[in-house]
K.L.:
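I have a structure here, written as structure tokens, and I will follow up with some questions on it.
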Amino acid sequence: FMLHAGLEAELYTPEEFLQPVDDILEEAGVLDVMPEDLKSLLKIRGNTYTVPLNIHRGNVMWTNTNVLADAGIEKIPETFDEFFAACEQLQGQGVIPMGMGISDGFELGHTFEVVLSGTVGAEKNKGLWDGTVSWTDPEVTTALENFSKLLDCTNEDRGTINWVGGIDLVINDQAAFNIMGDWAYGEVIAKGALDKVTWASPPGNQGQFFLVSDGFAIPAEAPNPENARNFVKIITRKEAQEAFNQNKGSICARTDCDYGVFPEDRRAYFQGSADDFAVNAIIPMVAHGSGAIPSWQQQFAQIATQFASDRDVAAAQAALVLAAEDAGFPQ
């Protein structure tokens, strides 16, 4: 079954209910071509339970260049000040600045996580999740304020559509921006919008790569264990990952993939993403099971959802402090 790489495995009490797959990875000969950041993320108390198929970048701002040009905006915003200025200009012309859909449940937490790191920076963001930085930090307050302003730039019907609806607003020339992982690139590809939808780092996220990896795990009592093992062996193969990821929007979970075999109109993104992964600060993404234990991830998502409704900065920050304490990180 599909499982995100990282702490999401804790949902399944892995020592009891999942099969270690270290022997499969070793037999397949992929450990030497698997990025160290991914390998370390896969380890749960010394064992690996997930065979990775890809590496998604969770923090991308998809931008419709035609909408920007029509609005007279010459530059994709790189900072929050630039983003909010563009937002005001677009709204003044009756254009939705940022398309958003939240009905799948993960999108608000995902977006707040991106805004948080764009505000506090990569190192402090990591510190918030490992207990070395307190959630009482003033920059967390600023991040919540930025998130509130960003929500004011979105479509009013965001609660009735999901993340696909959010990127569709950009694809269909109805919105300028959408913040979502590069699984959204699969929608851009499938809907023929490569000529007008481009990508950039969200505000403040330059030099940061939010790691989200799709993989597969094998239950300890799988009814067809031989077939299950054969399937995960197949997805370790270079040619399998090249075939899959050129349509999914992600890069390979191997460093030896040849992005030159990808369709020409898609190569720039994939090669650029692989190059960024090699040099950027790699941040396991909490919203997708990589960066925090499941209970903390769930509380974080709930806090983001409540905040989107009441916009109470002080209450949200207090809730974040309590969530960290519940996870075992005294504030």
Side-chain angles (χ1 to χ4, degrees), residues 35 37-38 41 55-65 67-68 73-90 97-100 107 109-130 133 137-151 153-154 166-167 170 175-185 188 197-213 249-251 259 267-288 290-291:
D37 287 292
L38 180 57
L41 190 64
I55 294 172
H56 273 298
R57 175 162 46 184
N59 56 330
V60 186
M61 186 164 73
W62 305 98
T63 302
N64 186 311
T65 55
V67 171
L68 280 196
I73 298 172
E74 298 178 355
K75 177 177 177 287
I76 296 175
E78 296 181 0
T79 67
F80 284 107
D81 285 345
E82 291 175 355
F83 179 84
F84 295 133
C87 172
E88 184 176 352
Q89 187 169 337
L90 288 159
M98 195 176 93
M100 176 181 272
E107 297 98 339
H110 176 113
T111 306
F112 177 47
E113 194 174 347
V114 172
V115 171
L116 177 67
S117 199
T119 304
V120 307
E123 287 308 309
K124 186 173 281 189
N125 179 56
K126 289 180 181 179
L128 290 168
W129 298 103
D130 67 18
V133 176
D137 191 286
E139 288 192 335
V140 174
T141 310
T142 304
L144 285 161
E145 293 168 348
N146 284 338
F147 185 40
S148 182
K149 292 177 186 176
L150 183 142
L151 290 171
C153 298
T154 65
I167 186 64
V170 175
F177 309 111
N178 170 256
I179 292 177
M180 187 46 62
D182 56 14
W183 45 92
Y185 196 42
V188 176
V197 178
T198 189
W199 57 90
S201 294
N205 276 242
Q206 293 78 14
Q208 302 181 31
F209 192 114
F210 275 72
L211 192 163
V212 182
S213 176
S250 42
I251 59 174
Y259 297 102
R267 289 176 197 165
Y269 177 74
F270 292 109
Q271 189 61 63
S273 183
D275 292 345
D276 288 345
F277 185 83
V279 299
N280 283 183
I282 305 302
I283 303 172
M285 195 160 196
V286 172
H288 300 280
S290 299

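The residues of the chain are indexed from 1 along the displayed sequence.
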K.L.:
Below 4.5 Å, heavy atoms only, C-beta onward: do V286 and E113 meet side chain to side chain?
P.N.:
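A side-chain contact under 4.5 Å exists here.
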K.L.:
Tell me, do S117 and F210 make a side-chain contact under 4.5 Å, heavy atoms counted?
P.N.:
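Heavy-atom side-chain distance check passes, below 4.5 Å.
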K.L.:
For the atom pair CD (E139) and CD (E145), what is the distance rounded to the nearest 0.5 Å?
P.N.:
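Result: 11.5 Å between the selected atoms.
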K.L.:
What's the spacing between N59 CG and D182 CG if we round to 0.5 Å?
P.N.:
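Rounded to the nearest 0.5 Å, the CG-CG separation comes to 9.0 Å.
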K.L.:
Identify the two heavy atoms, one from N178 and one from G166, that lie closest to each other, and give their separation to 0.1 Å.
P.N.:
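That closest heavy-atom pairing would be ND2-C, 3.5 Å.
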K.L.:
Tell me which one of T142, N146, N205 satisfies side-chain hydrogen bond (donor to acceptor under 3.5 Å, both in side chains) with T119.
P.N.:
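Of all the options given, the one that passes is N146.
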K.L.:
Would you confirm whether T111, through its side chain, and E107, through its main-chain N or O, come within 3.5 Å as a donor-acceptor pair?
P.N.:
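Yes; at least one donor-acceptor contact below 3.5 Å.
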K.L.:
Contact between V212 and W183 at the side-chain level, heavy atoms closer than 4.5 Å - yes or no?
P.N.:
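Yes, at least one pair of side-chain atoms sits under 4.5 Å.
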K.L.:
Measure across S250 and I55 and return the closest heavy-atom pair with its distance rounded to 0.1 Å.
P.N.:
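Heavy-atom minimum between the residues: CB-O, 3.4 Å.
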K.L.:
Rounded to the nearest 0.5 Å, what's the gap from OG on S273 to OH on Y259? Could you check?
P.N.:
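Result: 7.5 Å between the selected atoms.
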K.L.:
Within a strict 4.5 Å, meaning less than it, do heavy atoms of the V120 and V133 side chains meet?
P.N.:
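No; the side chains remain at least 4.5 Å from each other.
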K.L.:
Please table the atom pairs, donor to acceptor, closer than 3.5 Å between any side-chain atom in residues 80-89 and protein atoms at least two apart or in another chain.
P.N.:
from, atom 1, to, atom 2, distance (Å)
E82, OE1, K75, NZ, 2.9
E82, OE1, E78, N, 2.8
E82, OE2, K75, NZ, 3.3
Q89, NE2, A71, O, 2.9

K.L.:
Evaluate the side-chain proximity of L151 to M100: yes if any heavy-atom separation is below 4.5 Å, no if none is.
P.N.:
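Yes, close enough: below the 4.5 Å cut-off.
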K.L.:
Ring-plane angle category for Y185 and W62, please: parallel below 30°, perpendicular beyond 60°, tilted otherwise.
P.N.:
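Correct class here is parallel.
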K.L.:
About how many Å separate CD1 of I251 and CG of D276, when rounded to the nearest 0.5 Å?
P.N.:
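Atom-to-atom, D276:CG and I251:CD1 are 9.0 Å apart.
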K.L.:
Flag the pair F209 / D37 as yes when at least one side-chain heavy-atom distance between them is below 4.5 Å, and no otherwise.
P.N.:
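No, their side chains stay 4.5 Å or more apart.
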K.L.:
So I282 and L41, do their side chains get closer than 4.5 Å, heavy atoms only?
P.N.:
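In short, these two side chains do not touch, never coming nearer than 4.5 Å.
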K.L.:
Which heavy atom of M61 sits nearest a heavy atom of P203, and at what distance?
P.N.:
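In terms of heavy atoms, the two residues are closest at SD-CD, 4.0 Å.
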K.L.:
Rounded to the nearest 0.5 Å, what separation is found between the NZ atom of K124 and the CG atom of D137?
P.N.:
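Here the interatomic distance stands at 3.5 Å.
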K.L.:
Quick one: does Q208's side chain get under 4.5 Å of V114's, heavy atoms only?
P.N.:
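Q208 does not reach V114 side chain to side chain.
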K.L.:
How far apart are the closest heavy atoms of M98 and A175, and which atoms are they?
P.N.:
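Shortest heavy-atom contact: C-CB, 4.3 Å.
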K.L.:
Is there a side chain to side chain contact (heavy atoms under 4.5 Å, CB included) between V188 and Y269? Walk through the geometry before answering.
P.N.:
CA-CA 12 Å; V188 176; Y269 177 74; over 6 Å; no
K.L.:
Atom CZ in F177, atom SG in C153: separation rounded to 0.5 Å?
P.N.:
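Output value for this atom pair is 9.0 Å.
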K.L.:
Set out, in order, the CA-CA distance, both residues' side-chain angles and the distance that settles side chain to side chain contact (heavy atoms under 4.5 Å, CB included) for F277 and L211, then state yes or no.
P.N.:
CA-CA 9 Å; F277 185 83; L211 192 163; 3.7 Å; yes
